[in-house]
Each structure stands twice: as C-alpha cells, then as structure tokens.
Visitor: 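Starting off with a structure, shown below.
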Amino acid sequence: MSHAAATTSGAHGLHADHHGADLSARNITLDPAKGKTLSLLLIVVGLAGLGVTIAGGFAVGIKHAVGAYHVGAMSMLAISLGALFMVLAFHLIGAGWSVTIRRQFENVASLVWLPAIMAAGTFVIEVATGGHLYSWLQKGAQSDPLLAAKSDYLNPVFFAIRAVLFLGLWVFLSRKMFAYSTEQDRTGDKWLTNRARFTASWGMPLLALSIAFAAFDWLKSIDYRFFSTMWGVYYFAGSAFVSTAVVVMLLTFIKKQGRLEGLVNEEHFHDLGKLMFAFTVFWAYIGFSQYFLIWYANIPEETSFILARKHAGWGAWTQLLMLGHFVAPFYILLWRPIRRSMVALSLLGIWFLFMQIADMVWIIRPMVYSEQIGEYLRQLDQGVPVTADPIRLQHIWLDIAGIVGAAGLFFGLLIRKVYSGQLIPTRDPRLPEALHHRNYV
Amino acid sequence: MTSINPDKVTAERLAGLATAPGVSHPAPGTGDGSLVDDPAVRAPLVLNNRSFTEVTDIICGYTENKPGRWWLPVFGLTSTLAGLGTVMILYLLITGVGTWGLNNQVDWAWDITNFVFWIGIGHAGTLISAILCLFKQKWRTAVNRSAEAMTIFAVICAGMFPGIHVGRIWMIWMVFPIPNANAIWPNFRSPLLWDVFAVSTYFTVSLLFWYMGMIPDFATLRDRAVQRLRKFGDAAQTLPFTSIKVDNLRAYGYGLLALGWRFSSRHWHRYEKAYMLLAGVSTPLVLSVHSIVSFDFATSVLPGWHTTIFPPYFVAGAIFGGFAMVLLLLIPARELYPNMKDFITLRHLENMAKILLVTGMMVGFAYSMEFFIAYYGGNEYELYAFKNRAGGPYWWAYWTMIFCNVVSPQLFWNKACRQSPIVIFIVSFLVTIGMWFERFVIIVTSLHRAFIPGQWGMFWPTAVDIGIFIGSIGVFLTLFLLFMRFLPVFAMAELKAVLPQADPHHEPAGHAAGGGH
C-alpha cells in the first residue's frame with residue numbers, strides 16, 4: 001500500500017504499520033465549540049439539581065437532602081474509580097487491543113477529583129450540621145460501646161486525613177496516567193508506555209486499598225454498626241461494572257458523530273461487551289457471597305443491614321438489583337450480536353448506569369429513614385400491626401435532584417474533556433495491535 | 001518424512017549442536033531473547049526460530065525417547081513416598097482416626113488442611129487453560145497442558161482426604177444423595193455436601209478439558225508410531241524380553257485415545273468450538289469450587305472463620321498456590337528436558353512471577369481486611385481470634401504464612417529477581433509452604449480456642465498425619481512424572497499457532513522491508 005510505503009521512513013517509523021488508518025484531525029478530534037454548548041447545558045442542569053437539593057434540605061429535611069446528594073456523588077465516584085482501575089490494568093498487563101479505547105477511560109478517570117470532592121463534601125456538611133447521615137457523628141452516639149470500640153478509626157480527624165489521602169492518591173494517579181498518554185501524543189516517546197506501566201504497578205495496590213477504605217468510610221460507616229470484609233470489593237465490582245458501560249456510551253456518542261472511523265470498530269465493542277458481561281457476573285458473585293454468608297451465619301449485628309433492605313419495604317428494590325444488575329444483563333450479554341452492536345451495548349450502558357445508581361440508593365437511602373426502619377422491624381418482630389413506613393417515597397424529587405446534580409456536573413465536565421483533546425492516543429507503540437484487533441482470526 | 005527421520009540440520013538443532021539459520025545471539029539485556037522491554041515489540045513465544053517440524057519432533061520426543069537418567073531414581077523416590085502414604089492410609093483405616101493428632105477441641109486439622117491445599121493447587125490448571133484462553137493470552141500455550149495435568153492430579157490428591165477423614169470409609173457413599181433403608185438423607189444445607197458436588201463436577205470438567213485438548217496430539221503420536229512401523233518393519237524396537245513392538249502399543253494406545261482424529265478441518269472446527277465452550281464452563285467452575293470450599297468455614301459462626309471476603313480470598317489464594325506449584329514443577333523440567341527452554345522462556349517465567357506478586361498481594365489484602373474488620377466489627381471474640389493467631393501458641397504458623405505469602409513474593413518487584421529461574425523457584429517453594437500454612441492457620445487456630453477456656457486445646461500432628469501428607473505429595477509427583485513420560489507435554493497444535501510462520505501475514509526475515517501487504 002502506498003500509504004504504508006510513504007510513512008516508513010524517518011521519525012514516524014512507529015507508524016509504518018497503520019495500513020491506511022485515518023489518523024487525521026477530522027477523525028480523531030471533535031469540534032470543541034459544539035462540545036461547549038452541550039457541556040454548559042449539562043453543567044447548568046447539574047447546578048440546578050444541586051440547587052434543588054439544597055432547597056430540599058431546607059424544605060424537607062437535611063438528612064434526606066444529604067442522602068440524595070451522597071447517592072449522586074458515590075455513583076459518579078464509582079464511574080471514575082472504575083475507569084482509573086481499567087487504565088492501570090491496561091498498562092499493567094500490556095494490553096494492545098485497548099489502545100484506541102484507552103483515552104476515553106483516561107478521560108473518565110481524570111475527572112475523579114469532582115465526585116471525590118463531592119463525596120468528601122458530604123462529610124463536611126455532616127460535621128457542620130452535627131451528623132445526620134453518618135450516625136456516628138451524632139452527639140449521643142459516642143456512648144454506644146460498639147462505636148467506642150472503633151473510635152480510634154472512626155473519628156472525625158482520622159476520617160478527614162484519610163479522605164485527603166484518598167483524594168490525593170486518585171488525583172495524582174489519574175493525572176499522571178493522563179499525562180503519560182498525552183505526552184506520548186506529543187513526543188512519540190515509546191518508553192513512556194513503560195513508565196506508565198511502572199506507575200500502574202505501585203498505583204494498583206494503593207488504589208485497591210484506597211477504594212476499599214473509601215467504601216468503608218463513605219458508605220459503610222453510614223451505619224457504623226455494620227461490618228463486612230467484602231465491602232470494599234463490592235464497591236469496586238460496581239465501579240468496574242459501571243465505568244465500562246460509561247465508556248461504551250461515550251465511544252458510541254463519538255462514533256455517531258462520524259469520528260474514530262477504522263480506529264474503534266465492532267471488535268473493540270465486542271471486547272468491551274465481554275468486560276461488561278464479566279463485571280456483571282463479578283458483581284453478582286461478590287454481592288451474593290456477601291449476602292449468603294451473612295444470611296447463613298445469621299448473626300444479628302450483621303443481619304440488620306440485610307433485614308433493613310430485604311423486609312422493610314425495600315425488598316422489591318433488592319429484587320430489582322438482582323434482576324437488573326445481574327440476571328437480565330447476564331442473559332442479554334450472552335448473545336454475541338448484542339456484544340458486537342454499539343447501539344445495543346449503549347442502551348445496556350444506560351441501564352448499567354441506572355443500576356449502579358440503584359445500588360447506591362439501596363445502600364444509602366434506607367439509612368435516611370433508619371428510625372422508621374427500626375420501628376418497622378420492631379413492629380414486625382413483636383407481631384403488632386405494622387404502621388411504620390420504612391420507604392418514605394414522598395419527596396422523591398429530592399432524590400432525583402441529588403442524582404441529577406452530581407451526574408450533570410460530572411457528565412458536563414466529561415463532555416468538555418472529551419471534546420478538548422485527541423480521542424485516541426495516536427503514538428502509542430501498540431497502536432497497530434489495536435487497529436488490527438480481531439476477536440476470531 | 002522428516003518428522004521421524006530428521007535431516008542433518010534438524011538433528012543437530014534438536015541435539016543443541018546448531019542454532020537456527022538467521023538467528024543471531026540475543027541482544028544484551030534480554031536474557032534468552034524473550035525479555036524484550038521495548039513496548040513496540042512483543043516477545044517471541046517460542047525461541048530459536050523453531051519450525052513446525054521441529055516443534056513436533058521435540059515434543060513427541062519427550063514421550064518417544066528414553067527419559068534422562070534422573071527419571072527412574074526420582075520416580076522411584078516419589079512412588080516410594082506414595083507407597084508410604086498408602087500404608088499410612090491403610091493403617092488409619094484399620095485403626096481409626098484416633099491415629100491422627102485430632103482431639104475433642106481440634107477435630108479438623110491436617111486432613112482438611114491438605115484437602116484445601118491440594119484443591120487450591122488444582123485451580124491454576126484451569127485458570128491458565130480456561131481464563132487465559134478467554135483472555136486470549138497466547139503465552140498460555142507454554143504451560144497450559146502441564147498445568148491442566150497438575151490440576152487433575154492435585155484434585156485426585158485432594159479427593160483422598162474427605163474420603164479418609166470420615167473415619168468409617170465404608171460409609172462414604174452416604175455423602176451422595178442415595179435414598180437408603182434408614183431414610184437418612186444427606187444434609188443438603190451443608191456446604192460439605194456442596195463440596196462433594198463442586199469438586200466432582202470440577203474434576204469431571206477439568207478431565208474433559210485436559211483430555212479433549214490432547215486428542216490432536218494423541219493422533220500425532222499415533223501417526224508417528226504407525227509411520228515408524230511401516231518404515232522399520234521387523235526391525236522396530238521391541239519391549240525387553242518380548243517380541244511386542246513398542247510402536248504397536250503406541251499405535252493402539254494413542255490411537256484409542258485419539259478417537260479417530262484425522263486432522264480434517266471439520267474436526268478442527270468442532271474442536272475449537274468445544275474448547276471455547278469448555279473454557280467458558282470451566283471459568284465459573286473454578287470460582288465456584290473454591291468459593292464453596294470457603295463456605296465450609298465461612299458459613300459457620302466461629303470467630304476467624306466467619307468473614308464475608310472468604311470466597312474471593314480463597315479463589316485468589318488458590319490461584320496463587322497453583323501458580324507456585326506450576327513453577328515448582330516446570331522450572332526443573334525445563335532444565336532437565338532438552339529444548340524445553342525454547343517453549344518455556346524466561347518471559348513465561350517472568351509473567352508467572354508477576355502473577356505470584358499480584359495474587360500474593362491479593363491474599364495480603366484479604367489478611368489485612370480480616371484483621372481490620374476483626375477490630376472494626378467490635379466483636380471481642382473475633383478480635384481475640386486474630387490476636388491469638390498472630391501472638392498465640394501458633395504464632396509461628398501465622399508468621400510463616402505472612403512471610404511466605406506476603407513478604408517473599410515482594411522480591412518480584414525487582415526485575416532481576418523475577419527473571420531469575422532460581423529465585424522464582426525458591427519463592428514458589430516458599431509460597432507453596434505458605435499456602436499450606438494459610439489453611440492450617442485458618443483451620444487450627446480458629447478451632448483450638450473455644451468460647452470457654454476449659455475447651456482450649458492444641459493440635460500436634462502424629463506420624464500418620466505427616467505420613468499421609470507426604471504420601472499425597474508422592475502420589476502427585478508420581479502422576480506428574482508419568483504424565484511427562486507418556487503424554488504430550490505441550491499442546492503442539494496451539495504452540496504451532498503462536499509461531500511467527502503461523503501468521504498468514506508473516507514474512508520471513510529479510511523481506512520485511514518490502515512494504516505493506
């Protein structure tokens with residue numbers, strides 16, 4: 001081919017094998033002007049959502065508003081952390097097929113600061129208002145021997161120090177990986193790939209620990225009595241699950257605008273579909289193991305978490321998660337044509353995003369009306385007519401506003417990020433492998 | 001006919017006297033040539049520029065030629081150990097489980113430790129074969145066959161222990177759901193029963209997977225035997241003191257196992273499909289088996305056993321221990337068998353060393369989570385169980401486990417260490433010890449202190465305990481040596497598929513500059 005012959009010489013030696021892949025600016029960038037409008041729109045929606053949430057805090061109750069806000073922040077955080085994990089994993093295992101899709105993971109990961117600050121912000125609000133969601137911050141809680149036993153870990157100062165450490169680590173790692181990748185675009189230095197691999201090698205264990213402890217702090221400690229060694233893995237499983245789905249949607253969005261022709265094709269979507277499938281199953285495996293072991297041992301200090309979500313009016317929601325987070329995607333993604341269709345995968349991606357939010361709602365929302373749940377379970381236990389309403393479905397607009405607030409800001413900034421740079425790493429030494437990627441030769 | 005009668009160049013290369021045409025010495029700093037650090041270059045999976053014929057000759061040669069002088073003494077040693085174990089088991093069955101060191105307090109110890117230890121080792125085979133196959137990791141071709149074989153043998157060793165630890169072995173049929181006159185049914189809500197199903201399913205599928213992969217290679221061995229019979233006629237080699245031709249035995253034996261394989265494209269098509277399906281079925285099986293093994297402990301309310309992270313933690317530990325065992329077997333093998341270093345390169349070893357590092361840190365993560373939640377949970381018994389592990393009478397077992405499983409793999413952060421077969425071998429050895437101790441620590445330290453101090457006890461193994469465990473190692477190694485002697489040690493067809501010349505776009509060296517295609 002003449003194209004290959006024309007580029008074999010000189011500084012672009014690494015690009016000799018692109019076989020006519022279109023790396024022109026038209027194919028690998030989007031028009032930033034168009035992105036600005038969309039991004040601005042989303043950010044405005046997000047700010048409006050936040051505004052409504054704040055208003056709801058005054059109108060309905062601060063606990064409900066904080067809960068709604070925290071659901072949004074933790075859902076968006078899962079997307080970013082999952083993407084950061086994927087970027088590190090791609091570098092660690094030296095993946096070749098994923099080069100052309102990696103930049104989108106890097107984009108999503110690089111926004112980790114926003115949801116992380118938002119989620120940490122929950123804590124600031126909580127400290128300032130005397131602890132509504134984080135029950136261990138309440139005045140009377142300190143007299144509980146269960147809390148006293150863990151107060152060396154669960155106290156405001158150490159909690160804040162940890163939050164800063166997590167935030168610092170995630171921001172550093174995501175920016176570093178993004179910088180390696182974009183620097184390679186500019187300089188074409190193939191050894192940056194090895195430096196990225198090195199950063200990923202020590203970053204990965206730290207990321208694993210930080211995700212686990214962040215999940216303990218920011219989700220589990222809402223009910224300080226509950227504990228489970230699996231908790232960190234559970235949050236991670238959801239993160240990997242939703243981040244892949246978001247990147248699939250992002251790539252479809254870009255492809256629909258006529259970009260990435262010949263660079264990202266159905267072979268890449270097929271593998272992303274397999275990853276979605278794998279993480280669906282992984283989440284179910286982790287979720288089931290955690291549930292099953294608590295159910296089987298039946299120790300009251302653990303079962304309270306499950307009981308509140310299984311019986312106290314949240315049973316239908318639990319079943320929705322089982323069906324929607326696992327059973328349905330499992331059977332749908334088993335079908336090969338689905339995994340090779342970017343439209344079908346994106347529709348599923350929207351569903352995945354919804355399910356990740358539903359998972360966070362499942363964890364956080366019952367604690368918003370925990371007194372009612374306690375009352376409900378007490379009435380159930382004593383056999384008296386049940387009058388407590390543990391779900392409290394009124395003011396659902398407030399929950400939606402909290403989620404829309406975080407999601408609007410996150411996706412607004414993400415769109416801006418996507419429009420502002422190259423859509424793929426163009427000078428990665430393994431780019432030819434991604435271009436020639438085939439699932440079955 | 002080169003495959004049975006190699007030409008001079010091939011013969012010299014097989015004997016290691018000549019190097020491949022057009023292959024220069026590896027660049028400095030790349031070890032055997034497979035340790036390329038350039039991200040733009042993928043390391044070769046087979047070294048020394050082997051041709052298809054040479055691959056067949058070398059691999060079939062392992063079973064067709066006489067093994068090295070080391071083989072018989074080593075085989076003698078391992079089968080003696082296996083015999084010793086058998087005698088110990090017989091003694092146990094005749095006398096009763098009182099011959100073990102078990103007592104009222106620690107009523108589960110080495111038997112179940114050994115069971116979980118072997119089951120764990122049995123995981124790496126399917127991991128390498130199935131999961132690496134699904135991930136399209138081509139480097140698996142170097143190790144998948146021997147790892148699968150190891151799986152089968154390890155599961156056999158594992159299966160022995162539940163059988164003998166029931167005490168009255170003649171009642172073992174009661175673990176199966178067979179209705180009987182007394183209307184005693186197995187307890188379907190017991191994870192111990194699920195174990196029976198999980199392990200037997202896993203064994204069946206692993207065996208099918210292993211066997212199916214070997215069918216084309218059996219056909220190759222069969223065809224080579226037939227060709228030799230035709231070529232040499234009456235002059236063919238016979239078994240000592242008889243007139244039975246060895247190749248006749250091979251032709252019938254391998255022929256039977258090859259199930260009429262004729263290398264037709266239709267055969268290959270079905271083979272590939274079945275292989276992919278089995279890989280897909282095996283992957284959840286790997287997870288389920290060790291998850292259920294972990295349920296044996298985690299469904300209880302015993303401090304130290306009941307933690308929710310057990311299922312993935314046991315799976316990670318199993319992969320960890322299994323890879324260590326693969327390395328423990330293959331590092332000596334590649335020294336002892338001619339030309340094996342061309343197939344199991346330093347890169348393969350480095351990859352597996354990295355997996356040891358990753359999975360070692362995963363179990364380290366689980367250890368720390370357990371400890372943390374023991375504190376965070378605020379349950380004094382749970383916390384005591386863990387403090388007792390680290391500082392109680394079994395502290396040495398706990399710290400052996402930590403040192404072997406968490407500390408020793410950290411050597412692999414260093415490039416020189418993870419590229420040195422001897423260091424990898426030593427670490428793998430330590431990991432194998434550590435993984436045995438992990439199970440011992442979990443089982444015995446949790447049992448030996450009950451809630452009432454009057455029920456505190458200690459476990460010390462007896463000669464029968466030790467003898468049976470050593471016997472299981474003997475059984476495992478004996479079976480593995482027999483595998484190396486009589487079965488195709490590498491998946492020849494798959495190995496050939498990763499050779500550069502198998503790629504339809506491959507251009508022989510020297511012609512690559514001629515532009516694209």
Side-chain angles (χ1 to χ4, degrees), chain A residues 1 3-5 8 14 16-17 19-20 92-94 96-97 145-150 152-154 190-194 197 201-202 204-205 208-209 212-213 216 225 227-233 274 281 285-286 289-294 296-299 301-302 428-430 432-433 439 441, chain B residues 37-42 134-137 189 191 272 276 283-284 287-288 291 294-295 298-302 305-313 315 351 354 357-358 361-362 364-366 368-380 382-383 413 497 503-505 513-517:
Chain A
M1 252 186 202
H3 177 83
T8 30
L14 281 171
D17 203 22
H19 298 272
L92 270 183
I93 59 181
W97 71 276
L146 265 181
L147 182 59
K150 59 187 88 174
D152 286 339
Y153 177 82
L154 214 52
K190 66 181 176 181
W191 299 106
L192 281 168
T193 301
N194 286 18
R197 186 181 64 187
S201 70
W202 60 260
M204 190 60 109
L209 282 174
F213 281 100
F216 289 163
R225 286 158 299 194
F227 55 89
S228 164
T229 41
M230 189 78 109
W231 193 259
V233 189
K274 289 180 205 167
V281 177
Y285 169 64
I286 297 299
S289 300
Q290 177 168 271
Y291 165 73
F292 176 77
L293 291 175
I294 291 173
Y296 202 115
N298 204 11
I299 303 173
E301 58 217 47
E302 291 177 342
D428 189 290
R430 296 190 181 114
E433 278 185 45
N439 275 280
V441 183
Chain B
D37 216 24
D38 185 344
V41 177
R42 290 287 181 190
L134 294 182
F135 279 141
K136 299 197 189 67
Q137 295 295 304
R189 289 177 70 164
E272 292 286 341
M276 188 54 89
T283 305
L287 291 170
S288 78
S291 300
S294 81
F295 287 172
T299 51
S300 72
V301 292
L302 201 67
W305 281 9
H306 175 69
T307 98
T308 48
I309 207 171
F310 255 34
Y313 153 42
V315 172
N351 281 352
K354 283 178 183 170
L357 178 60
V358 171
M361 284 194 286
M362 281 183 183
F365 177 87
S368 43
M369 279 305 137
E370 278 186 325
F371 235 107
F372 172 70
I373 294 295
Y375 154 77
Y376 182 90
N379 180 331
E380 55 182 310
E382 188 78 20
L383 187 59
W413 284 103
D503 180 359
H505 301 292
H517 40 265

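All chains are named by letter (A, B, ...) in the order of the sequence lines, taking the proteins before the strands, and each is independently numbered beginning at 1.
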Visitor: In terms of heavy-atom pairs under 4.5 Å, which option from Leu357(B), Thr307(B), Asp37(B), Val301(B) contacts chain A the most?
Guide: Asp37(B)
Visitor: Can you check whether Pro312(B) reaches Met230(A) side chain to side chain, under 4.5 Å on heavy atoms?
Guide: yes
Visitor: Got a sec, which residues hit side-chain hydrogen bond (donor to acceptor under 3.5 Å, both in side chains) with Ser289(A), two or more places apart in sequence or on another chain?
Guide: none
Visitor: What I'd like to find out is whether the side chain of Tyr296(A) reaches to under 4.5 Å of the side chain of Phe295(B), using heavy atoms alone.
Guide: no
Visitor: Only counting residues at least two apart or in another chain, list the ones meeting side-chain hydrogen bond (donor to acceptor under 3.5 Å, both in side chains) with Tyr291(A).
Guide: Lys310(A)
Visitor: Which residue out of Met361(B), Met369(B), Gln137(B), Glu370(B) racks up the most heavy-atom pairs below 4.5 Å with chain A?
Guide: Met369(B)
Visitor: Examine whether an atom of Arg197(A) lies under 4.5 Å from a heavy atom of chain B, and if so say whether it belongs to the side chain, the backbone or both; otherwise answer neither.
Guide: side chain
Visitor: Under 4.5 Å between any side-chain heavy atoms of Leu293(A) and Pro311(B), yes or no?
Guide: yes
Visitor: Measure Thr299(B) against the heavy atoms of chain A and call it side chain, backbone, both or neither at under 4.5 Å.
Guide: both
Visitor: With only heavy atoms counted, which part of Arg42(B) is less than 4.5 Å from chain A, the side chain, the backbone, both or neither?
Guide: side chain
Visitor: Report which part of Asp152(A) has an atom under 4.5 Å of a heavy atom belonging to chain B: side chain, backbone, both, or neither.
Guide: both
Visitor: If you measure from CH2 on Trp231(A) to CD1 on Ile373(B), what distance do you get to the nearest 0.5 Å?
Guide: 11.0 Å
Visitor: Are the side chains of His306(B) and Glu302(A) in contact, using a 4.5 Å heavy-atom criterion?
Guide: yes
Visitor: Locate the shortest heavy-atom distance separating Ala297(A) from Ser300(B); write the atom from each residue and the value.
Guide: CB-O, 3.8 Å
Visitor: Top residue by heavy-atom pair count (under 4.5 Å) with chain B, among Ser201(A), Ala212(A), Ala208(A)?
Guide: Ser201(A)
Visitor: Between Leu146(A) and Gly377(B), what is the shortest heavy-atom contact and its length?
Guide: CD2-O, 4.0 Å
Visitor: Give a yes or no on whether the backbone of Tyr153(A) and the side-chain of Tyr376(B) come within a donor-acceptor separation of less than 3.5 Å.
Guide: no
Visitor: Can you see whether Ser291(B) engages Tyr285(A) through a side-chain donor-acceptor pair at a distance of less than 3.5 angstrom?
Guide: yes
Visitor: Quick one: which of Ala298(B), Ser288(B), Ser368(B) has the most heavy-atom pairs under 4.5 Å with chain A, could you say?
Guide: Ala298(B)
Visitor: Check each atom of Phe365(B) against the heavy atoms of chain A and say whether the ones under 4.5 Å are side chain, backbone, both or neither.
Guide: side chain
Visitor: So which of Ile299(A), Asn298(A), Ile93(A) has the largest heavy-atom pair count under 4.5 angstrom toward chain B?
Guide: Ile299(A)
Visitor: Tell me, side chain or backbone of Asn351(B) under 4.5 Å from chain A's heavy atoms, or both, or neither?
Guide: neither
Visitor: With under 30° as parallel and over 60° as perpendicular, where do the rings of Phe372(B) and Phe216(A) fit, or are they tilted in between?
Guide: parallel
Visitor: Measure Ile286(A) against the heavy atoms of chain B and call it side chain, backbone, both or neither at under 4.5 Å.
Guide: side chain
Visitor: What distance do Lys274(A) atom NZ and Lys136(B) atom NZ have between them, rounded to the nearest 0.5 Å?
Guide: 3.0 Å
Visitor: Would you name the heavy atoms of Ala149(A) and Gly378(B) that are closest together and state the gap between them?
Guide: CB-CA, 4.1 Å
